[in-house]
Amino acid sequence: MSYYIVAKLMANHDNISEITTDLNILRTHTVNESGCIYFDIYHAADEPGVFYLWEAWHCEADLKRHYDASHTQAYFAKQHTRILSCQPISKLNA
C-alpha cells in the first residue's frame, strides 16, 4: 500500500522566484528517489507565499529516507520555507 501526504509550506521571504527555482530543483531530485511514486508542487493562486506538496511514496519509511536525502537537507538549509502542515492522506475508493 502506498503512503500519501499533502504538505503546506509558507515562504520565509518575498523572493518567490528563488523559492520556486529551488523547489523545482528539489522536485527534480526527489522524483528520482527509489521510493517516490510522485512529488508535485503547487503554488497557491490567491496566496503568493504558499506552496502545497502532493506526494506519494511506496511506504512511510521511503518518505523518512527522503527527509534525510542530501538534496532535501540542502533545500531545508536554505530556509526558504517553513512547513505549516504535513498531513497523511488516503485515497477515497469508489
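- Tyr38 and Ile89 end up in the same hydrophobic cluster when Ile, Leu, Val, Met, Phe, Trp and Tyr side chains are linked at under 4.5 Å.
- Both Val6 and Met10 are part of a single hydrophobic cluster, where members link through side-chain heavy atoms under 4.5 Å apart.
- Annotation for Asp14: atom CG does not count as buried by contact number, only 12 or fewer foreign heavy atoms lying within 6.0 Å.
- Here Ile19 contributes atom CD1 and Ser17 contributes atom OG; the two are 9.5 Å apart, rounded to the nearest 0.5 Å.
- Remark: side-chain polar atoms of Gln73 are paired, donor with acceptor, to backbone N or O of Tyr67 under 3.5 angstrom.
- Note on residues 50-59: pairs passing side-chain hydrogen bond (donor to acceptor under 3.5 Å, both in side chains), not counting sequence neighbours, are Glu55-Trp57.
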Checklist entry - Run the side chain to side chain contact (heavy atoms under 4.5 Å, CB included) check on His13 and Glu18 step by step: do they pass? => result CA-CA 10 Å; His13 56 76; Glu18 181 181 13; 3.9 Å; yes
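- At a threshold of 4.5 Å between side-chain heavy atoms, the hydrophobic network of Ile, Leu, Val, Met, Phe, Trp and Tyr places Ile83 and Leu53 in one connected group.
- Between the OG1 atom in Thr30 and the CG atom in Asp40 there is a gap of 11.0 Å [rounded to 0.5 Å].
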Next on the checklist: One pair to check against side chain to side chain contact (heavy atoms under 4.5 Å, CB included): His66 and Leu26. What are the steps and the verdict?
Outcome noted: CA-CA 11 Å; His66 163 69; Leu26 175 65; 4.3 Å; yes
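- Hydrophobic clustering (ILVMFWY, side-chain heavy atoms < 4.5 Å, transitive): Tyr42 and Ile37 are in one cluster.
- Between the OG1 atom in Thr28 and the NE2 atom in His71 there is a gap of 10.0 Å [rounded to 0.5 Å].
- No donor-acceptor pair under 3.5 Å is formed between the side chain of Thr72 and the backbone N or O of Asp68.
- For the atom pair Arg27 CZ and Cys36 SG, the distance stands at 8.0 Å (nearest 0.5 Å).
- Between Tyr75 and Thr81 the shortest side-chain heavy-atom distance falls below 4.5 Å.
- Remark: Asn12 pairs with Arg82 by the side chain to side chain donor-acceptor pair (under 3.5 Å) rule, at least two apart or across chains.
- With sequence neighbours excluded, the residues that form a salt bridge (Lys or Arg N to Asp or Glu O under 4.0 Å) with Arg65 are Asp62.
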Item to check | Audit row: Lys8, Val50, side chain to side chain contact (heavy atoms under 4.5 Å, CB included) steps and yes/no | outcome: CA-CA 7 Å; Lys8 182 177 183 180; Val50 175; 3.7 Å; yes
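- Linking Ile, Leu, Val, Met, Phe, Trp and Tyr whenever their side-chain heavy atoms come within less than 4.5 Å leaves Ile5 and Leu84 in two separate clusters.
- Between Pro48 and Ile16 the shortest heavy-atom distance is O-CD1, 3.5 Å.
- Ring geometry for Phe51 versus His43: interplanar angle under 30°, hence parallel rather than tilted (30 to 60°).
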